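Note: hydrogens, waters and symmetry copies are ignored here, and every other heavy atom, side chains too, is used. A note on names: the letters A, B, ... follow the listed sequences, proteins ahead of strands, and every chain is numbered from 1. Here the structure is a predicted model, which is why all the values come from computation and not from measurement.
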Amino acid sequence: MIKITLPDGSAREVASGTTPAQIAADIGPGLAKAALAVRIDGEVRDIMRPLEVDTKLALITSRDEDEALELARHDFAHVLAEAVQKLYPGTQITFGPSTDDGFYYDFAPSGDPFTDDDLPKIEEEMRRIIKADKPLRREVWERDDLIALWKKNGETFKAEWAAELPENDEISVYWSGDDWMDMCRGPHLPSTGKLDPQAFQLTRVSGAYWRGDQRNPQLSRIYGTGWLNKKQLKAHLVRLEEAAKRDHRKLGQEMDLFHFQPEAQGSVFWHSQGYVMWRELEAYMRRKLDGADYKEVKTPQIMDARQWEASGHWGKYRENMFVVPDEVPSVDDDAPVISADADMMALKPMNCPAHVLIFRQGIKSYRDLPMRMAEFGCCHRNEPHGALHGLLRVRQFTQDDAHIFCREDQIVDEVRHFCDLLDGIYKDLGFESYAIKLALRPEKRFGTEEMWDKAEQNLRDAVHEAGRAGEEYQWEELPGEGAFYSPKLEFHLTDAIGRTWQCGTIQLDYVLPERLDASYIGEDGARHRPVMLHRAILGTFERFLGIMIEHHAGRMPTWLAPTQAVVATIVTDANDYASDVTEKLKAAGIRVSADLRNEKINYKVREHSLAKVPNILVVGMREAEEGKVALRKLGQKEQMFLSVDEAVAMLTDEALAPDLKEQNT
RNA sequence: GCUGCUGUAGCUCAGUGGUAGAGCGCGUCAUUGGUAAUGACGAGGUCGGGAGUUCAAUUCUCCCUAGCAGCACCA
């Protein structure tokens, strides 16, 4: 007999080998039906797996949503694999986990990869397997037997995987009924019938590399979204639609903010309306940096390749750099435009070496430190075609970059100050919540272990001292994620619909000052090496504006809105008055335009609302006679009836950037 | 770069082996209308580029290119 303790503290004695399912049935038929899995000493396990020792046990039902979803998605993945092997014999199975919203499974097809057209048929087969309510049964195998079986069945990927599982691991397989099985750690639901056949959808196919490595064969991945019930699935699909509506690429076109075209792929053509937002954001950032005692610089776009060799980028980063021959092109028709022996230059992929070169001009004293050197630096990186994505991943971008040269004993203070500056800016810009992560040393890196220990500890200390190493900031350390020259703090924004974006970063670099021989004279009169903090808050203007557009669904706060107000007339007799009002707003610095077209007011209101203009000032003869305006805020039905002066005062205040607003009050 | 899908008017998209269609937008005219679409008429397209099959290709095939969704990459 063994002793089972339940969450309410009650205990019962059962025979060894009893399953949690039996215990659930013992407690009541309702629970027996609802029970999906069981938590034993913190570990989720199958409900059919016999108990052999005294344990604390908690039954999991669909009310334990996180666990239930995880189980269901994992099971969907298995059902998917079973369906595919049934429909396409000869397809090898490899690996299929759950994801944030569903599941996927990677296959090695015997012929061509899967296409979208295959999905409905596979879904149908999956539903059939679910309806058949096949029991899922766990079985422990000897490694060699299993490898032999995989090999016999032509499952070479599974055989490879089985051979590499850790020595001491118990190797389990799960049977679906008696006719299909997969190697899996589990846990699983007791049977396929626990899944809701209406709660999943196969969404797309994709290539994916075996074990995530580009050098390995590419497999054919099938993605699905999976939930506990139809209602959840539907809600998820609605969320996806909502996200698609606020896609910055779509809004960028609709609002005439920017465009891309093949002649400059991955580089943005900012239209005047979009560039207004850029200029406002840049002006805001410049004020914040000035206030935080940064010194702004501007450095060359193109530098000699030898400089990039010295910084180490030519060796490690060249494949992402745009290289330019340092030669006057030949105009002779027969000659090649560029001779084979031209010297090479490169467009800067980052600003740091140039900033070190500025630092190196003249002799620096410890009194000059910390030196905070900022640049809105336009960089070019030759990103792989498949990586480009609207404003979020581009080839030409402008970073709100800065490098802080300081002594080692100043690092913690500087990082802490940076955290405070960033915090204020994110909040000003409408992002209340963000996460902080510490990315630790990667496998391939410059520098000594001692240096990395020191650098990582400094960043860790700084975040703790800034009081931001807690739950509120989802503080965690990410092993292996650092840059090759330094560990980094990453700042991840959460937007209005819960997605996260890495924007800010600060990196503690001992390497570059060494490589480029930066030094200062210390109190002792000797030369010392400064450390260098690479940091950005927005990351890049392109990316950040893309995130802002999606965050606000295009309805930018007034200070950033391309057009802040439109004065729209009802009748042409009010045109002169409308022009007067427009001029007054313009004089107050408001970005305003007059809409005097011979159109109905309904039409004008609709059009400017769709254009997401935050303020529509409607004027007809009534307003003209009384010297007033009817102000309609974007998205609101009711209007305010104000004198022109009141409207000017109100909009002027509303149009102030957040930092200027604070000063005013 | 890899896998799959897509490319038709300024935008969103329909369509066909016999050289094209809608809605919106744009232009003209009428209309002066009080808060999310006034009506009529009109002008817009080498159907992404190249090659092939065919009497005939926007349509079928191949290559290229760009975009989209993933993968890999993001120093």
**Student:** Ignoring backbone atoms, establish whether Arg249(A) has a side-chain N or O less than 4.0 Å from OP1 or OP2 of rC68(B).
**Tutor:**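 Arg249(A) to rC68(B) OP1/OP2: side-chain N or O found under 4.0 Å.
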
**Student:** Give the intermediate values and the outcome of ring-ring contact (aromatic ring centres under 6.0 Å, His included) for residues Phe258(A) and Phe269(A).
**Tutor:** CA-CA 5 Å; Phe258(A) 57 83; Phe269(A) 292 79; over 10 Å; no

**Student:** Considering only rA72(B), rG34(B), rC74(B), which nucleotide approaches the side chain of Val618(A) most closely?
**Tutor:**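 Per side-chain heavy atoms of Val618(A), the pick is rG34(B).
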
**Student:** Regarding Lys604(A), tell me which of base, sugar-phosphate or nothing describes its non-hydrogen contacts under 4.0 Å with the strands shown.
**Tutor:**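 Nothing, no nucleic acid heavy atom in range.
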
**Student:** So what does Tyr104(A) touch, heavy atoms closer than 4.0 Å: a base, only the sugar-phosphate, or nothing?
**Tutor:**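 Answer is nothing: Tyr104(A) stays at 4.0 Å or more from every strand.
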
**Student:** Give Met621(A) one of three labels, base, sugar-phosphate or nothing, depending on what nucleic acid heavy atoms sit under 4.0 Å from its own.
**Tutor:**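 The residue Met621(A) makes base contact.
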
**Student:** Mark yes or no: Arg221(A) above the aromatic ring of Tyr104(A), with NZ or CZ under 6.0 Å from the six-membered ring centre and no more than 45 degrees from the axis.
**Tutor:**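 Checked: cation-pi criterion met.
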
**Student:** Does a distance-only test, which skips hydrogens and angles, find a donor-acceptor pair under 3.5 Å between the side chain of Arg204(A) and the base of rA69(B)?
**Tutor:**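 No, the side chain and the base share no sub-3.5 Å donor-acceptor pair.
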
**Student:** Considering every strand and a 4.0 Å limit on heavy-atom distances, what is the contact class for Ile616(A): base, sugar-phosphate, or nothing?
**Tutor:**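 Here Ile616(A) touches no strand at all.
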
**Student:** Check every strand shown and say whether Glu623(A) touches a base, only sugar-phosphate, or nothing at a heavy-atom separation below 4.0 Å.
**Tutor:**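 Result for Glu623(A) = base.
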
**Student:** Decide yes or no on side chain to side chain donor-acceptor pair (under 3.5 Å) for Asp106(A) and Tyr209(A), but give the supporting numbers first.
**Tutor:** CA-CA 9 Å; Asp106(A) 287 345; Tyr209(A) 301 104; over 6 Å; no

**Student:** Mind checking Tyr317(A) for me? I need base, sugar-phosphate or nothing, with any heavy atom below 4.0 Å counting as a touch.
**Tutor:**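 Answer is base: heavy atoms of Tyr317(A) come under 4.0 Å of a base.
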
**Student:** Considering only heavy atoms and no angle criterion, is a donor-acceptor pair shorter than 3.5 Å present between the side chain of Arg215(A) and the base of rA72(B)?
**Tutor:**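 Not at all, since no donor on one side and acceptor on the other fall under 3.5 Å apart.
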
**Student:** The side chain of Thr572(A) is closest to which nucleotide in this list: rU32(B), rC26(B), rC71(B)?
**Tutor:**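 Nucleotide nearest to Thr572(A)'s side chain: rU32(B).
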
**Student:** Might you confirm whether atom CD of Glu124(A) has over 12 heavy atoms from other residues, nucleotides or ligands at distances under 6.0 Å?
**Tutor:**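 Counting other residues, nucleotides and ligands, CD of Glu124(A) stays at 12 neighbours or fewer.
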
**Student:** Counting only Watson-Crick pairs (N1-N3 plus N6-O4 or O6-N4) and G-U wobbles (N1-O2, O6-N3), all under 3.5 Å, who is the partner of rU46(B)?
**Tutor:**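 No nucleotide pairs with rU46(B).
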
**Student:** Can you check whether any acceptor in the base of rU3(B) is under 3.5 Å from a donor in the side chain of Ser220(A), or vice versa?
**Tutor:**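 No, no donor-acceptor pair under 3.5 Å.
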
**Student:** Answer yes if the ring centres of Phe114(A) and Phe107(A) are under 6.0 angstrom apart, and no otherwise.
**Tutor:**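 For Phe114(A) and Phe107(A), the ring centres are under 6.0 Å apart.
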
**Student:** Applying a 4.0 Å non-hydrogen cut-off, can you work out what Arg221(A) is touching in the nucleic acid: base, sugar-phosphate, or nothing?
**Tutor:**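 The residue Arg221(A) makes sugar-phosphate contact but no base contact.
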
**Student:** Is Pro487(A) close to Arg441(A) at the side-chain level, that is, under 4.5 Å between some pair of heavy atoms?
**Tutor:**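 A side-chain contact is absent here, since even the closest heavy-atom pair is not under 4.5 Å.
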
**Student:** Would you classify Gln265(A) as touching base, sugar-phosphate or nothing, given that sugar-phosphate means primed atoms plus P, OP1 and OP2, and contacts are heavy atoms under 4.0 Å?
**Tutor:**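 Counting heavy atoms under 4.0 Å across all strands, the contact made by Gln265(A) is with sugar-phosphate only.
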
**Student:** With no angle test and no hydrogens, is the base of rG25(B) tied to the side chain of Glu607(A) by a donor-acceptor pair under 3.5 Å?
**Tutor:**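 In this structure, the two groups form no donor-acceptor pair.
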
**Student:** Where each residue is assigned the nucleotide of RNA chain B containing its nearest heavy atom, which of Asp247(A) and Pro349(A) is assigned the position nearer the 5′ end?
**Tutor:**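 Here Asp247(A) is the residue nearer the 5' end.
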
**Student:** For rC41(B), give the paired nucleotide (Watson-Crick: N1-N3 plus N6-O4 or O6-N4; G-U: N1-O2 and O6-N3; both under 3.5 Å), or none.
**Tutor:**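 rC41(B) is paired with rG27(B).
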
**Student:** Report yes or no: is there a donor-acceptor pair, N or O only, under 3.5 Å between the side chain of Arg393(A) and the base of rC73(B)?
**Tutor:**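 Per atom types, the contact qualifies.
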
**Student:** Contact class for Gly212(A) (heavy atom, under 4.0 Å): base, sugar-phosphate, or nothing?
**Tutor:**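 If one applies the 4.0 Å heavy-atom cut-off, Gly212(A) turns out to touch the sugar-phosphate alone, with no base involved.
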
**Student:** Mind checking who rU32(B) pairs with, Watson-Crick or G-U wobble, both distances under 3.5 Å?
**Tutor:**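 Pairing partner: none.
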
**Student:** Could you please name the partner base of rU61(B), counting Watson-Crick and G-U wobble pairs only when both distances are under 3.5 Å?
**Tutor:**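 Answer to the pairing question: rA51(B), which forms a Watson-Crick or G-U pair with rU61(B).
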
**Student:** Please lay out, stage by stage, how Glu599(A) and Arg606(A) fare under the test salt bridge (Lys or Arg N to Asp or Glu O under 4.0 Å).
**Tutor:** CA-CA 11 Å; Glu599(A) 294 289 352; Arg606(A) 177 184 153 83; over 6 Å; no

**Student:** Using a heavy-atom cut-off of 4.0 Å across all strands, would you classify Pro113(A) as base, sugar-phosphate, or nothing?
**Tutor:**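 If one applies the 4.0 Å heavy-atom cut-off, Pro113(A) turns out to touch the sugar-phosphate alone, with no base involved.
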
**Student:** For rU3(B), which nucleotide is its Watson-Crick or G-U wobble mate, given both distances must be under 3.5 Å?
**Tutor:**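 Base-paired to rA69(B).
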
**Student:** Which part of the nucleic acid does His389(A) contact within heavy-atom distance under 4.0 Å: base, sugar-phosphate only, or nothing?
**Tutor:**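 The residue His389(A) makes sugar-phosphate contact but no base contact.
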
**Student:** Tell which nucleotide pairs with rU12(B), taking only Watson-Crick or G-U wobble pairs whose two distances are both under 3.5 angstrom.
**Tutor:**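 rU12(B) is paired with rA22(B).
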
**Student:** Base, sugar-phosphate alone, or nothing: which one does Lys250(A) contact when heavy atoms must sit under 4.0 Å apart?
**Tutor:**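 Since no nucleic acid heavy atom lies under 4.0 Å of Lys250(A), the category is nothing.
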
**Student:** With a 4.0 Å cut-off on heavy atoms, is Glu599(A) in touch with a base, just the backbone sugar-phosphate, or nothing at all?
**Tutor:**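 Since a base atom lies under 4.0 Å of Glu599(A), the category is base.
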
**Student:** Any N or O donor-acceptor pair under 3.5 Å from the base of rG1(B) to the side chain of Tyr209(A)?
**Tutor:**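 Between rG1(B) and Tyr209(A), which were checked side chain against base, a qualifying N/O pair under 3.5 Å is present.
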
